[in-house]
Amino acid sequence: MIDPRIETLADDYIQSWNRQAIKEPLLYLDYSWQSVTTLGLLAGNLFKTGQLNPLAALSLRSISAYLTVLAHNCWQTFATEVMAFFDNQGQICLSGKLADGEVMFFEVSAKVFEIYAGAKELPPTLQKYHDFLLSYGENQYIENYKFLANPYHSIKNYLLTQLEKHKQPIELFPIIEKYRRLPQATDDLLVLFAYGLFYGFSAFGNEVCKNRELSKELDAIEKVTKFLAETCVNYANYCFPDNQLAQVAELYLVNLIYPPIFMAEEFLLQQATHGLVGFIKEYNLSAEQVLELCHDLMQMPDFLISSVALVVFTAVAKQTTQQALISASLKSIQLGTLRPAVLLARRELLHEDDWAMQKVLTENDLAHFRVERDLGFLAWLCLPEKSLIKVLQSSEAGPSSAKIIQALLALDYQTSERLLFERIIKNPDEVDFKIQLVFLKIIVAGIFIDMPQLCRELVEKYDLTEYYILYKLWACAEMFLGESELAERHLVSALEHCPEDELEYSDIAHLLFVINQNQGQLNKAEQYSVLAFEKDKSVVRQAVIRYGWLMSNKREAEAMQILNKLFRLAPFEKSLFGEFIQRDL
């Protein structure tokens, strides 16, 4: 049973938002698992200014109501006497009874307000929200929602209570014994909270059923997962009507919803990759069908689904696509940590070993190298293609080239640094690994002292006209040390030597934009800003920067053109989501 006032709150919010998002179906609120990510973006945007105003308070209550309705439907698959109601404090709550008679209970709206009123910091700092709420009278209410009585009364009391509590670090899902992780700065806490709510696991450390054991909840987990999978099918039906595979419920049942990332995994996305690969094998999909499926799944808002789609695409593809570049640019994790999942998918689907293990790179190996490089899976490897082929085929003394490259790909700093030193000592003229060591020091470790001198020595000793990366590294060190003129000179050299079709070209142009902007050279900054934007193949990062530059220079019409384009390509771009929803795009 659901209190009709809760349904009214949720339905009114859905209608209001969907009218605004009518041009972008990916953002629709439809009571699907995918829509929770949109909900998280909407909730997070309410607090961009750090204020809890009347409209934000109502919106958060509406968001809480939406989550409660969806959770109520999930709970009905495995519990009895499921009820969504207002308690005597005006909080939206959810309760249900398990087969053994134990009662589950969530204070949904209270927890949502805690998440967005300071709980992102540990311990939470709620004082400013408390002070803001005290400025409102006890008898205020929002027109058209008089049945809520005074929403500020219960919110204020809740926040006052939180101020008196000593908060411990948040543990996400205590019922999952092998899931021990604190929320990260990049996590969407509302999505994590919703996940625990739908399965009845926890409300961020507040165990709703102290005696529950995961081994006894497998049937309930299966039922909830099936329900959420059906919502994903409905979502795919109107977002990707031509992709029949994306509308198969079985697809989402193969570890794409449950279990969560980090649960008993040796590496990130191990279980989801196994699941998606199994689905591909079961349906005997061709490489073309796999890429088509991944293309659409990469656009889905859910982090796990879009990430595993990117992983499988990277494993199979022989060249990058704009959608893959966009998907990669939107990920908040270092993509190098997902490379083991890429290798798993490649072995299972293509029966191919890691190209980094090969003494001789075939054209097929090089194709995989290029895709991984372009998408950012080779975060610490700066060797260009020609150098990579050369060093892998070399038989110089010291640690093997393959071991060094594997350490870099594994993001193992200590091993990479040690092996590079050993190799360079044995082969002092092996310039490729010298430049790789400079990259490791400057970009990964943030060591800048003495680096300009080392770069100068390399340039003077060797013919490095093709090594534009060295000039970029040299410039980065000089920028940190405050030598802007030297940095600009080196970046100009880097831009001259870098082919325009290289992904690095846009980054070099962007650094020149930053230097000239900081020096007040606005005309030159403008030229490099345009160049960086035009050469950015993923579009997203430089579009965000270009938009900000145009707005700061009061060129709103041009900025809107950028924003419109970005909204069509990446509606879930967090940094500009607030701009999206404030404009009629």
Side-chain angles (χ1 to χ4, degrees), residues 185-186 329 332-336 373 376 378-384 387 407-408 411-414 416-418 420-421 424 431-462 464-498 502-529 531-533 535-536 538 541-542 544-546 548-549 552 575:
T186 54
S329 67
S332 57
I333 62 175
Q334 194 170 49
L335 291 174
R373 177 200 60 193
L378 312 180
W380 290 10
L381 187 66
C382 76
L383 296 177
S387 296
L408 290 165
L411 309 182
D412 184 343
Y413 182 84
Q414 290 185 337
S416 298
E417 183 184 47
R418 175 177 58 81
L420 283 167
F421 269 124
I424 292 169
V431 66
D432 300 282
F433 283 138
K434 283 189 174 182
I435 295 175
Q436 179 65 66
L437 183 60
V438 172
F439 179 93
L440 201 67
K441 291 287 189 181
I442 294 177
I443 303 300
V444 179
I447 298 173
F448 304 98
I449 303 299
D450 298 329
M451 288 297 109
Q453 179 61 30
L454 180 55
C455 292
R456 183 179 297 107
E457 291 173 359
L458 289 172
V459 169
E460 292 175 352
K461 186 174 182 180
Y462 303 100
L464 300 177
T465 53
E466 293 184 3
Y467 286 79
Y468 59 85
I469 184 67
L470 180 60
Y471 290 98
K472 178 188 175 185
L473 294 171
W474 194 353
C476 289
E478 296 287 16
M479 285 176 68
F480 181 83
L481 297 172
E483 299 290 345
S484 297
E485 291 185 9
L486 289 174
E488 183 177 4
R489 186 187 311 165
H490 301 322
L491 285 170
V492 170
S493 295
L495 202 64
E496 290 174 350
H497 295 133
C498 180
E502 288 284 342
L503 293 174
E504 196 77 31
Y505 195 92
S506 175
D507 287 337
I508 297 171
H510 170 69
L511 290 175
L512 282 164
F513 157 70
V514 172
I515 286 178
N516 282 281
Q517 182 186 36
N518 292 342
Q519 292 179 330
Q521 302 290 330
L522 299 187
N523 288 335
K524 289 176 66 177
E526 166 69 7
Q527 293 174 10
Y528 286 121
S529 172
L531 188 61
F533 171 67
K535 297 299 182 180
D536 180 17
S538 75
R541 189 164 68 93
Q542 290 303 329
V544 171
I545 296 168
R546 180 72 180 152
W549 165 260
S552 66
S575 64

For the NZ atom of Lys441 and the CG atom of Leu473, what is their distance to the nearest 0.5 Å? 13.5 Å
Given 3.5 Å as the limit, does a donor-acceptor pair link the side chain of Ser506 with the main chain of Leu503, or not? no
I need the Leu420 CG to Ile435 CD1 distance, nearest 0.5 Å. 12.0 Å
Any pair with a residue in residues 512-529 that passes salt bridge (charged side-chain N to carboxylate O under 4.0 Å, His left out), sequence neighbours left out, goes on the list, sorted by first then second residue, please. Glu488-Lys524, Glu526-Arg546, Glu526-Arg555
Is any side-chain heavy atom of Tyr462 less than 4.5 Å from a side-chain heavy atom of Leu470? no
Ser416 meets the side chain to side chain donor-acceptor pair (under 3.5 Å) criterion, sequence neighbours left out, with none
For Asn518, the side chain to side chain donor-acceptor pair (under 3.5 Å) test, sequence neighbours excluded, returns none
Apply side chain to side chain contact (heavy atoms under 4.5 Å, CB included) to the pair Ile442 and Trp474, showing each step before the final yes or no. CA-CA 9 Å; Ile442 294 177; Trp474 194 353; over 6 Å; no
Side chain of Asn516, backbone of Leu512: donor and acceptor closer than 3.5 Å? yes
Scanning both residues in full, the closest heavy-atom pair of Leu481 with Pro452 reads CD1-CG, 3.7 Å
For Ile424, the side chain to side chain contact (heavy atoms under 4.5 Å, CB included) test, sequence neighbours excluded, returns Phe433, Lys434, Leu437
With sequence neighbours excluded, what pairs up with Ser387 under the side chain to side chain contact (heavy atoms under 4.5 Å, CB included) test? Leu383, Pro384, Asp432, Tyr467
So do Gln542 and Ile545 actually touch side chain to side chain, heavy atoms under 4.5 Å? yes
List in chain and number order the residues that pass ring pair (Phe, Tyr, Trp, His ring centres under 6.0 Å) with Trp380, two or more places apart in sequence or in another chain; answer none if no residue qualifies. none
Kindly write out the residues that satisfy side chain to side chain donor-acceptor pair (under 3.5 Å) with Gln436, not counting sequence neighbours, or none if the list is empty. none
In the structure I gave you, are the side-chain heavy atoms of Tyr471 and Leu491 within less than 4.5 Å of one another anywhere? no
Would you say the side chain of Glu485 lies within less than 4.5 Å of the side chain of Gln519, judging by non-hydrogen atoms? yes
Considering all heavy atoms of both residues, which atom of Ala445 and which atom of Tyr413 are nearest to each other, and what is their separation? CB-OH, 3.3 Å
Heavy-atom closest contact (Cys476 atom, Leu511 atom, distance): SG-CD1, 4.2 Å
Please list, chain by chain and in numerical order, all residues satisfying side chain to side chain contact (heavy atoms under 4.5 Å, CB included) with Glu504, sequence neighbours excluded. Tyr468, Ile469, Lys472, Cys498, Asp507, Ile508
Just grab all the side-chain hydrogen bond (donor to acceptor under 3.5 Å, both in side chains) pairs involving residues 442-454, residues at least two apart or on different chains. Gln453-Arg456, Gln453-Glu457
Test of understanding: with side chain to side chain contact (heavy atoms under 4.5 Å, CB included), list the residues that count as partners of Phe480, not counting sequence neighbours. Phe448
Is the distance between the ring centroids of His510 and Tyr528 less than 6.0 Å? no
What is the minimum heavy-atom distance between Ala477 and Met451, and which atoms define it? CB-CB, 4.0 Å
Looking only at heavy atoms, what is the nearest atom pair of Phe513 and Ala525, with distance? CD1-O, 3.2 Å
Going through the checks in order, is the side chain to side chain contact (heavy atoms under 4.5 Å, CB included) test met by Val544 and Trp549? CA-CA 9 Å; Val544 171; Trp549 165 260; over 6 Å; no
What distance separates Leu411 CG from Leu378 CG, expressed to the nearest 0.5 Å? 10.0 Å
Distance check, rounded to the nearest 0.5 Å: His490 atom NE2 versus Cys455 atom SG? 8.0 Å
Hits for salt bridge (charged side-chain N to carboxylate O under 4.0 Å, His left out) against Arg418, two or more places apart or cross-chain, chain-then-number order -> Glu422
How long is the straight-line distance from CD1 of Ile447 back to CG of Leu440, given to the nearest 0.5 Å? 8.5 Å
